[in-house]
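A short write-up of the structure that comes next.
Lettering of chains follows the sequences in order, A, B, ..., and the numbering in each one begins at 1. From a predicted model like this one, the values you see are computed outputs, not experimental measurements.
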Amino acid sequence: MQSVGPLAVDGGLVLAMPARLQTGLSSGIGAGVTRGRRFAWGVRGSWSSATESSLVWTVSHDDFRLRGVAALQQPAGRGVFALRLGLGPTFVYEHRTRAQGARAGLTGSDLESSALAVFPAVDLEGVVTLHVLGRWSLMISGGPTAMIADGALRGGWTAQLGVGWQP
Amino acid sequence: MRRGGILCLAPLLLAACGRLQGFGGEAPPLVSFEVVFQGDLAPLRPAGVTDEHALRVALVWGAQWLTEPFCVLPAESPEAAAAIDAGCRDPFGFVPAIVSVSVPIAIDVPATLTLSQLPAPDLMVGDVTARVAYASLVVFDDRDDSGTLELSRPRRPPFTFEDERGFQPGRPDSLDVIYGASFVTMTAPDQRVAYREGAFDARSAFYPRAGCDPPLPAFSVLAAGGFSAEAALAALLSGGLPPEDPSTCAVSAPAETTIVIAARAPADVQEVGCDERTDDSSIRYRQPVMSLSDLASRTVACAQLPTFETGGGGPASELIQLVVSGRPTDQCMGLTHYTLRGCFEDVNCAMPEWDYTANPPAWWPCGP
């Protein structure tokens, strides 16, 4: 049985360029739901985290991406190709720890600090869905992202590998 | 900050609610010390020095060091005693390992010295569950404008092989002039910086302060009144540590105390700027040179090898060593040992790398 219903739910592992960290690879999980056939719309969310260190700081960034999405889909055999545009905020929660600070007896804000910031962002992803078993499918997606931060447009990328389910 | 973040989430604002800094921004110092330098330098200046070029205070981490046996065993002759006086540093003195940060300082004006790095593990004595490092704050005139204190090292007389290959007897003496230090020797009152990780082993003989409270975890400033050399030797012979007078001990957090350094004559404190080639009391005996042109400017003595240098518990070596001190003008005291027979790594080796016992150099002043 292969479902052809208009509702689709998916979730999986996310890899992305950290939204505001200058280096590293952000990894986490993401999920989304869309409704529609040739043209679909829906919402998506993901969380991914990256932790990197310098001589002075250990910095951890948690990126929370919330997107309203619209997609153009083209069935092909057991699969579906889609081009998905997402628009929404990216929340970045930063936690910094002073390197060697705990060993030196630092406490409070001298030892660690945190901050939260939110930025408008847009994603453009290519999506490939392959129905493998009944209502279940494998999904892979990825593409460039753009975000406005500090008055400038900053680029990046995101990718997801997961499973989909259509009731 | 977390509550503020939740408030930030609610309206899905498009503007930043907090300031992300990433790896940027100013890093808080790991610790700060307040230092005051007191005294009049004019009467203390060495010959040829008319003013202070750039007075600075440096934090110098201490090394674990053992003096060589020749310097602590009873002198076997007046010549040996003279060589000990001329070539052995204070066995209870502070020996530097590495110079950390330094900042400018002026007389009677408090200066703040901040650290942004912890001492490296090789500066700490103990295992990972209980280790400690000590430092002395050293006031110096940075006459070479390097911004830091350059350490000096005892200089050797030239000797055959290395000299022929173009090696120098040692790096040149530092141009910096030391005018004071918070920790010069264990036989005098001191104030020292301590960095402790884990527990503290009160039996540790690393710059011991027996009878005083242990250093605080992480950084602290310690004070002790010092002990006499006689008391130290007596305690060591009985297997203990020389006790401090508890009334002279102090332990405080860095923010709660000011480290006061008194100006002293450079000749009295310059040893805190002298590091050592070896720190385990081992001696490397040298092949005698064919001509020792500057022997006249040094104190020399012929002496038997220390009995525990013969190794293996066997009979004492019959070798006579020539002990040569540095020159009086050298900043750092040191001894160089020559034997007519031996190896670079073991003076009593079975297959000597050199053997002049049958044909000693003409200048050799000792017996075979």
Side-chain angles (χ1 to χ4, degrees), chain A residues 18-24 43 45 50-68 87-122 147-151 154, chain B residues 1-33 59 100-101 114-121 123-124 128-129 131-133 135 193-198 215-221 252-256:
Chain A
R20 290 303 312 277
L21 199 58
Q22 297 93 328
T23 186
V43 294
T51 300
E52 297 292 334
S53 299
S54 68
L55 288 175
V56 179
W57 296 109
T58 297
V59 183
S60 177
H61 273 198
D62 291 287
D63 298 340
F64 300 89
R65 300 175 185 83
L66 300 177
R67 299 288 187 267
L87 183 66
T90 295
F91 294 86
V92 180
Y93 176 73
E94 176 183 87
H95 185 259
R96 303 204 310 166
T97 303
R98 174 72 166 91
Q100 303 181 326
R103 289 169 62 200
L106 296 184
T107 57
S109 60
D110 285 339
L111 177 61
E112 54 188 355
S113 64
S114 56
L116 179 71
V118 59
F119 308 95
V122 59
M147 184 177 72
I148 297 175
D150 299 334
R154 298 174 183 273
Chain B
M1 181 55 74
R2 287 177 186 271
R3 273 197 292 258
I6 293 171
L7 289 174
C8 180
L9 277 168
L12 298 182
L13 295 174
L14 296 183
C17 299
R19 176 174 165 76
L20 303 181
Q21 293 186 291
F23 297 107
E26 188 173 345
L30 295 179
V31 67
S32 296
F33 301 98
L59 187 144
S100 183
V101 296
T114 62
L115 281 186
S116 58
Q117 291 286 321
L118 297 179
L123 298 172
M124 291 185 264
V128 292
T129 65
R131 54 186 180 180
V132 67
V193 169
Y195 175 71
R196 169 187 155 194
E197 285 187 353
L216 303 173
F219 288 99
S220 56
V221 177
S252 55
E256 297 171 352

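- For chain B, the option among A:L106, A:V56, A:D150, A:L55 with the highest count of heavy-atom pairs below 4.5 Å is A:L106.
- The shortest distance between side-chain heavy atoms of A:H95 and A:V59 does not fall below 4.5 Å.
- Neither the backbone nor the side chain of A:S60 comes within contact range of chain B, judged by heavy atoms closer than 4.5 Å.
- With a 4.5 angstrom heavy-atom cutoff, A:V92 touches chain B via backbone and side-chain atoms both.
- We find the CG-CG distance between B:L30 and A:L111 to be 10.0 Å, quoted to the nearest 0.5 Å.
- Residue A:A149 does not touch chain B at all, counting heavy-atom pairs closer than 4.5 Å.
- Considering only heavy atoms from C-beta on, B:L115 stays 4.5 Å or farther from B:Y195 through its side chain.
- Only the side chain of A:R20 comes within contact range of chain B, judged by heavy atoms closer than 4.5 Å.
- For the pair A:F64/A:V118, no side-chain contact is recorded, criterion being any heavy-atom separation below 4.5 Å from C-beta on.
- Closest of all the heavy-atom pairs between B:L20 and A:H61 is CD1-CE1, 4.4 Å.
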